[in-house]
Structures are given as C-alpha cells and as structure tokens.
Amino acid sequence: QQPVQSPQAVILREGEDAVINCSSSKALYSVHWYRQKHGEAPVFLMILLKGGEQKGHDKISASFNEKKQQSSLYLTASQLSYSGTYFCGTASGSNYKLTFGKGTLLTVNP
Amino acid sequence: DAGVIQSPRHEVTEMGQEVTLRCKPISGHDYLFWYRQTMMRGLELLIYFNNNVPIDDSGMPEDRFSAKMPNASFSTLKIQPSEPRDSAVYFCASSTRTGSNQPQHFGDGTRLSIL
C-alpha cells in the first residue's frame, strides 16, 4: 500500500520551519526521502532504517518511529532552495521495492 | 561521474505507435528501476532488474508494456501499441544494491505524450 503523506501542500516564508509526515499501514524496514523540483528528477535526501533513528544534514533532518510506522521530515530555517515536492518511499524489507507517497508540495516565499 | 542517462527527454507520438524509452544506469550499479509518474497516481514502480534479470514486473500495467536489459549498461521500456492514457513522465533509476537500504539515483526522465 502507498504511504500517506501530510500535509499535501505547505507554504512558508523564508526562515520558517516545516514538518512533513509519512505514514504506512505496514511494518517498515526503511524510509527514503527525496525532493523533486518542477520538471526535474527526484533527488535523494536521506534513508532511515528500522531502529527509530534520526538523521540530518544541513537544516533538514528526519526521524523514523518504527512502532507507529511513520517518519517525519523536518525543515528548519527554510531557504528558497527548499521549494519542491517531497516524497517519502517506504519498504517493508531489506530486499523489497520502494512504494512512494503522493508527495508534499513545499513552497518557500521570500 | 555520469548519472543515469535517459533518452529521449521528450516524445510526442500518435496513439497506436510503438514507443521505446532508453536508459543507461550508473556504471557499477546492480539494480535498475523503471517508474512512471502522473499527477493522479504519483510515482509508481513498473519493473526492476537485478544484474540484468527482471525481478519484479508486477507494476507493469498491461501486456502493451515490456522492458528488457540486454546488458549492464542499457535498458529499454517499450509500449506497443501506445494509448493516450500512457502519457506520463517515465523515470529510470539505479542503485548499487537492493533499493531498500541504498539510495536510488534517478535519470532526468522522459516526458511522453500520446495524442
């Protein structure tokens, strides 16, 4: 089943924070996060593996709650370059294919 | 290093024509994935290969779609005959090991329009 992302869209002013959630009805092994700008390919951000870890780079970080079968992506002090559609991709096993959510459109305005 | 290379970038053709999309994965990557992206359904996995062998083609919508990987550096996705509902952006991606715990690297995609 396709993971559910929320919100579907969010509009921020530069410097504001945002949280994007990804929930699955199945037990998860891993969660991937990608960002796609309009007309371009999805670009890998990070992977979180089973174990409830938290990861981050720059001002973008993510957490993975295995018990709740959900992951959250945190964008702090947003920049104009953060604009795009964010996708989570989930897998239920180490050899399983990814199933992507429908995406969250993030718009950062000056 | 070169990324995943897809061709053509854009394709416009008439219903009923055969369409062939091409992909060159990153050298050394064992896994190759074909995705289709539409507004309605999002990013859907069509088929993936491991070491040139198709592993899971359960996402291929119907018999009109076929995919091959004759060698480690080339794959094709073919639609014959094409229909307007096949219009979408088709992405190819590759990864070093199984996609679940390794990042997938996407090509720029082929924007397909069937008239």
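Note that the structure is predicted; figures quoted are calculated from it, not measured. Heavy atoms only: backbone and side chains are in, while hydrogens, waters and symmetry mates are out. We name chains A, B, ... by the order of the sequence lines, and we start the count at 1 in each one.
Annotation for A:Lys37: atom NZ counts as buried by contact number, over 12 foreign heavy atoms lying within 6.0 Å. More than 12 heavy atoms of other residues, nucleotides or ligands lie within 6.0 Å of CG in B:Asn71, so this atom counts as buried by the packing criterion. Within 6.0 Å of the CZ atom in B:Arg64, the count of heavy atoms belonging to other residues, nucleotides or ligands exceeds 12. For B:Glu62, the CD atom is densely surrounded, since the number of other residues' heavy atoms within 6.0 Å is greater than 12.
B:Phe74 and B:Met69 are assigned to two separate hydrophobic clusters, defined by single-linkage of ILVMFWY side chains at heavy-atom distances under 4.5 Å. Both A:Ile60 and A:Leu48 sit in one connected hydrophobic cluster of ILVMFWY residues. Membership requires side-chain heavy atoms under 4.5 Å apart, directly or through other members. A chain of hydrophobic side-chain contacts below 4.5 Å, direct or via other Ile, Leu, Val, Met, Phe, Trp or Tyr residues, connects A:Ile20 to A:Leu12. The cluster map of Ile, Leu, Val, Met, Phe, Trp and Tyr, joined by side-chain heavy atoms under 4.5 Å apart, puts B:Leu112 and B:Met60 in the same cluster.
Here the CD-OG1 distance, from B:Glu44 to A:Thr99, works out to 10.5 Å after rounding to the nearest 0.5 Å. Between atom NZ of residue A:Lys102 and atom CG of residue B:Leu43 there is a gap of 12.5 Å, rounded to the nearest 0.5 Å. To the nearest 0.5 angstrom, A:Lys97 atom NZ is 9.5 Å from B:Tyr35 atom OH.
Across every non-hydrogen atom of A:Ala41 and B:Gly107, the tightest pair is CB-O, 2.9 Å. B:Gln102 approaches A:His32 most closely through the heavy-atom pair O-CE1, 3.1 Å. Nearest heavy-atom pair, A:Phe87 versus B:Gln37, reported as atom, atom and distance to 0.1 Å: CZ-NE2, 3.5 Å.
Only the side chain of B:Leu45 comes within less than 4.5 Å of a heavy atom of chain A; its backbone N, CA, C and O stay farther away. Neither the backbone nor the side chain of B:Gln6 comes within contact range of chain A, judged by heavy atoms closer than 4.5 Å. With a 4.5 Å cut-off on non-hydrogen atoms, B:Met39 does not touch chain A at all. Using a 4.5 Å cut-off between heavy atoms, B:Ser58 touches chain A through its side chain atoms alone.
Judged by distance alone, with hydrogens and angles left aside, the side-chain atoms of A:Tyr34 form a donor-acceptor pair with the main-chain N or O of B:Gln104 at under 3.5 Å.
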